[in-house]
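Working notes for the structure below.
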Amino acid sequence: MSTTLILDSVKGKVVSFLWQHLLLLISLYLMTLGVVLCIKSDLGSSVISSLPLSFSLAGARHIVPQWSVGGYTIAMNFVLVFLQIAVLCRRFETVQLFQLLIGLVFGWLIDLNMYLTASLDCVSLASKIITQAAGCTIMGIGIAFEVKCGSVTMPGEGFPVALSRVTGQPFPKMKIYVDTSLVVLAVASCYLFFGRWEWNIIGPGTLFAMFYVGLVVKYVTAHIGWFDRVLLYRPGIRRYLYGLARYLYRHK
């Protein structure tokens, strides 16, 4: 194989990788926007953010380190990856360490969306319900596209996958166990930090999210076959630069 063909092949793989993960980044943004809207609804956060939210609110009261929701989400994701390593031992694939980066970006995007929605204040019950429903819908859409991107899984899914491999139990069953454990830990942290159940952390919105988000993912996944073509698309930066230069030249 000639050097030119090898370079073209490498370039194609690099472009494909970058394009896939650009789409993954967009998917993660949608997921985190949904997570933040659920938090803003004050009806109960999503499962993945319940424990980080509890610690973040405790941090605001100087009970634990004063980290943001995104910061504690990153810490939780790192713990989930290390638990995978502990469970799988030698069967843990090195490429799965990429979950650490995904978890880092996920937490950072949560903080970004918390900043962008800082002015959103749900006072009435109607606004809270609408915000919660919108958050769960957007989260479900983001998850559907994230799965379609076919990259490394999120730590929240990676740990149930590891448990499934070790126990032989189906993934959905392990996912329910892990999600339930996170909710139980969030409730326990409420009593530990605040001495009572905090409904804005674990509330009716949390139960709604556990049921509704899965339905959205199932529905959206069945209607985004076109996204496979988007994933296969290979953007050519030189073509766009040439087109831009020609446009600017014509409009001098």
Side-chain angles (χ1 to χ4, degrees), residues 10 13-14 16-18 20-25 27-28 31-32 35 45-56 58-59 64-65 67-111 139-140 142-189 192-193 202 206 209-210 213-214 217-218 221 231:
V10 171
K13 290 179 180 179
V14 171
S16 175
F17 178 85
L18 293 176
Q20 177 190 20
H21 288 83
L22 173 62
L23 296 175
L24 176 63
L25 181 62
S27 302
L28 292 177
M31 290 171 63
T32 55
V35 167
S45 63
S46 62
V47 172
I48 196 65
S49 63
S50 58
L51 192 57
L53 177 60
S54 179
F55 271 80
S56 179
V64 295
W67 295 357
S68 64
V69 179
Y72 275 111
T73 299
I74 292 171
M76 185 184 71
N77 283 332
F78 274 44
V79 169
L80 289 173
V81 173
F82 293 140
L83 286 175
Q84 292 177 53
I85 296 173
V87 167
L88 292 173
C89 299
R90 293 183 179 179
R91 286 188 286 175
F92 182 83
E93 299 170 353
T94 306
V95 69
Q96 294 302 325
L97 289 174
F98 190 58
Q99 291 182 45
L100 294 173
L101 178 58
I102 299 297
L104 181 68
V105 172
F106 189 81
W108 180 79
L109 287 175
I110 285 179
D111 282 346
M139 192 192 318
I143 292 173
F145 281 103
E146 182 255 335
V147 172
K148 273 285 188 178
C149 285
S151 184
V152 176
T153 60
M154 289 284 296
E157 279 71 51
F159 183 47
V161 168
L163 291 176
S164 178
R165 289 179 60 186
V166 171
T167 63
Q169 297 295 317
F171 167 76
K173 189 174 183 178
M174 292 295 101
K175 176 64 173 171
I176 292 173
Y177 286 160
V178 172
D179 285 352
T180 303
S181 298
L182 290 176
V183 171
V184 170
L185 288 173
V187 172
S189 69
L192 177 64
F193 298 143
I202 300 294
T206 309
M210 291 176 71
V213 171
V217 173
K218 183 177 181 180
T221 301
L231 278 171

Review item, side-chain donor-acceptor pairs of residues 84-93, under 3.5 Å, at least two apart:
| from | atom 1 | to | atom 2 | distance (Å) |
| --- | --- | --- | --- | --- |
| Gln84 | OE1 | Gln99 | NE2 | 3.1 |
| Gln84 | NE2 | Gln99 | OE1 | 2.8 |

Determine all donor-acceptor pairs shorter than 3.5 Å in which one atom belongs to a side chain in residues 154-169; sequence neighbours excluded.
| from | atom 1 | to | atom 2 | distance (Å) |
| --- | --- | --- | --- | --- |
| Glu157 | OE2 | Lys175 | NZ | 2.8 |
| Ser164 | OG | Gln169 | O | 2.5 |
| Thr167 | OG1 | Leu163 | O | 2.7 |
| Thr167 | OG1 | Gln169 | N | 3.2 |
| Gln169 | OE1 | Lys173 | NZ | 3.3 |

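How far CD1 of Ile74 is from CD1 of Ile102: 12.5 Å, rounded to the nearest 0.5 Å. Separating the OG atom in Ser27 from the CD1 atom in Ile143 is a distance of 10.5 Å, to the nearest 0.5 Å. For the atom pair CG of Leu100 and CZ of Phe98, the computed distance is 10.0 Å after rounding to the nearest 0.5 Å. Rounded to the nearest 0.5 Å, atoms CD1 (Ile176) and CZ (Phe171) are 10.0 Å apart. Atoms CD1 and CG, from Ile48 and Leu53 in turn, are 12.5 Å apart once rounded to the nearest 0.5 Å.
For Thr221, the side-chain contact (heavy atoms from CB on, under 4.5 Å) partners are Ala144, Val217, not counting sequence neighbours. Taking the ring pair (Phe, Tyr, Trp, His ring centres under 6.0 Å) definition, one finds that Phe106 meets it with nothing, sequence neighbours left out. Take Leu25 and apply the side-chain contact (heavy atoms from CB on, under 4.5 Å) test, not counting sequence neighbours, and it matches Val105, Leu109. Remark: Ala58 engages Ile63, Val64, Phe193, Phe194 in a side-chain contact (heavy atoms from CB on, under 4.5 Å) (not counting sequence neighbours). Contacts of Thr32 classified as side chain to side chain donor-acceptor pair (under 3.5 Å), with partners at least two apart in sequence or in another chain: Asn113.
Listed by first and then second residue, the side-chain hydrogen bond (donor to acceptor under 3.5 Å, both in side chains) pairs involving residues 68-78 are Ser68-Asp111 (not counting sequence neighbours). A side-chain hydrogen bond (donor to acceptor under 3.5 Å, both in side chains) check over residues 47-56, counting only residues at least two apart or in different chains, returns the pairs Ser46-Ser49, Ser54-Ser189.
By the 4.5 Å heavy-atom criterion applied to side chains, Val35 and Met139 are counted as neighbours. The shortest distance between side-chain heavy atoms of Leu182 and Met76 falls below 4.5 Å.
When all heavy atoms are compared, the tightest approach of Gly140 to Val213 is CA-CG1, 4.0 Å.
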